[in-house]
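Below: one structure, written as structure tokens.
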2 protein chains.
Amino acid sequence: MDDDSWVPPAVLIAVDLVIFTLRESRLQVLLVERGVDPFRGALALPGGFLAHAEEDLLAAAHRELAEEAGFAADQLHLEQLSVYGTPGRDPRGRVVSVAYLAITPRLPEPVAGTDASDAWWIPTDRALSPDTRLAFDHRRIVADGVERARTKLEHSALATAFCPPLFTISELQEVYEAVWGVRLDPRNFYRKVQSVNGFIEPAGPVRKTENGRPARLFRPGPRQALHPPMNRPPEPGASERRPI
Amino acid sequence: MDDDSWVPPAVLIAVDLVIFTLRESRLQVLLVERGVDPFRGALALPGGFLAHAEEDLLAAAHRELAEEAGFAADQLHLEQLSVYGTPGRDPRGRVVSVAYLAITPRLPEPVAGTDASDAWWIPTDRALSPDTRLAFDHRRIVADGVERARTKLEHSALATAFCPPLFTISELQEVYEAVWGVRLDPRNFYRKVQSVNGFIEPAGPVRKTENGRPARLFRPGPRQALHPPMNRPPEPGASERRPI
DNA sequence: GGAATAGTGTCTTTTAGACATTATCGG
DNA sequence: CCGATAATGTCTAAAAGACACTATTCC
């Protein structure tokens, strides 16, 4: 196997961003239309190659976040999702891509300062449908991101990242319903979410108007990991419970 | 930023393996003593560079698994843990390393067919202690692996991977106690583990001897994700429960 | 018999889930 | 008043946790 002339192969490193938000009560992902040729015209996740050999992966992700989606550097929390390095995944050569997950509160219609081609918020179920053509293996990356978001909602305070700095419990419930794709009982949700340690805390006796009775406002609590976790209702598909 | 002469930087790709097992009722990790110069003499995770530019990441991990730890190719399940690519992490240059997690049942004393330098099973708490010198950022990788194993034990049937094909409920409990670092009530554990869907299933009316009453044998069930999950006791550190 | 581990039963407390009821807004 | 949403209360069923007890082996 080894001989003296062997040197390890060098490959290209890319970062891809799965940026989620909530719009129209649906989980949506930011996609850009590719203007250059591998998959020109197809939708793709924001991302790109490392700028130089000394650039940190997370720094590259933040740079792409600013360049392609107009988000200020540390405006958003980025979390590593997974790595995608199958040899054939990029026709230009061997590319290993590190995917990052980011969450943002509701934003004004299009995306702020898009540098490159146009960027759109696309509902994840539409992005994942076979009708939508996504570049590279980005359909799988989006699917992994959705799955990650779903489980993180159970065990972490991630849901508050979808909300503005002050939010009502109904708004928080909307996040859970959209990401999990289920309906939850507002009364039980109300109780549950307040019984979990430092998940959310009251933000003054302030209130807010809309249609019915004004709701109290809350802000994210100090606790990042939720104990006990939020309970995701079981999928109706599989038969649960032991036979005896 | 862009100009026509710019080309993306190429970096070296490595894979590192976090291989866990249970020995002496403790969670242990496989480490090899480095025989070559960056960190020569220090302990490190098994791993290495891609063999060639077309090698798949998972295939590279399996190859290293065989070369450095003597495990047959698909004898062990590998799962991606995380990526480590901080610019200074390898003195030889820019290296991005993909870490994989693997679990193996108890094995005979040293490691089977170690090709390279010597390999040892080291208890994770010792590997993570400041006294132990680990190469590169491998202390962090081991720490991430332990954390991953802990949470996977809650929600997946991973614990059975620590056990031989047929095992007793006590043996399974030993896994949970070692990885979580807690004591569990054998009677409640017994009930709980059997009430979770397809987690484990009885393997004939067979039995086994040791010291007291013979125990029934079980084999891993079909279910990979556990519903409901196993409950990890809360750390005694933080004050739990809402104040009112 | 005793020591040791396996397995069962029972009780109490907590939690999840279903759902009635009251409260506070804008008309 | 009505409609709408927020917030609280109440009941029931399920699950978690504590722990007594019985069962089966070896000595």
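Labels below follow one simple rule: chain letters A, B, ... track the order of the sequence lines, proteins then strands, and each chain is numbered from 1. As the structure is a computational prediction, the values presented were derived from the model and not from experiment. Scope of the values below: all heavy atoms of this structure, side chains included, with no hydrogens, waters or symmetry mates.
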Side-chain donor-acceptor pair present, Q28(B), T21(B), cut-off under 3.5 Å: no

Please report, rounded to the nearest Å, how far the P atom of dT14(C) is from the NE2 atom of H227(A). 19 Å

Which whole-number value in Å describes the distance from N231(A) CG to dT14(C) C1'? 13 Å

Can you label the angle between the F199(A) ring and the Y176(A) ring as parallel, tilted or perpendicular, going by 30° and 60°? perpendicular

What residues from residues 177-192 of chain B pass a heavy-atom cutoff of under 4.0 Å to DNA chain D? D185(B), R187(B), N188(B), R191(B), K192(B)

Can you find a pair of side-chain heavy atoms, one from L65(B) and one from I19(B), that are under 4.5 Å apart? yes

Is there a side-chain contact between Y84(A) and V98(A), using heavy atoms and a 4.5 Å cut-off? no

Quick check: does any side chain N or O of R148(B) sit under 3.5 Å from a backbone N or O of L81(B), one acting as donor and the other as acceptor? yes

Short side-chain to backbone donor-acceptor contact, W180(B) and R150(B), under 3.5 Å: yes

For dT5(C), does OP1 or OP2 lie under 4.0 Å from any side-chain N or O of R216(B)? no

Comparing nearest nucleotides in DNA chain D, the 5'-proximal residue of the pair R232(B), S170(A) is S170(A)

Between P233(A) and L217(B), who's closer to the 5' end of DNA chain C by nearest nucleotide? L217(B)

Can you confirm whether or not the ring centre of F167(B) sits under 6.0 Å from the ring centre of F218(B)? no

Restricting to nitrogen or oxygen on both sides, can you table the protein-nucleotides 2-4 of chain C pairs closer than 3.5 Å?
none

Can you run down the salt bridge (Lys or Arg N to Asp or Glu O under 4.0 Å) pairs that involve residues 151-164 of chain B, sequence neighbours left out, and say none if there aren't any? E79(B)-K152(B), E154(B)-R232(B)

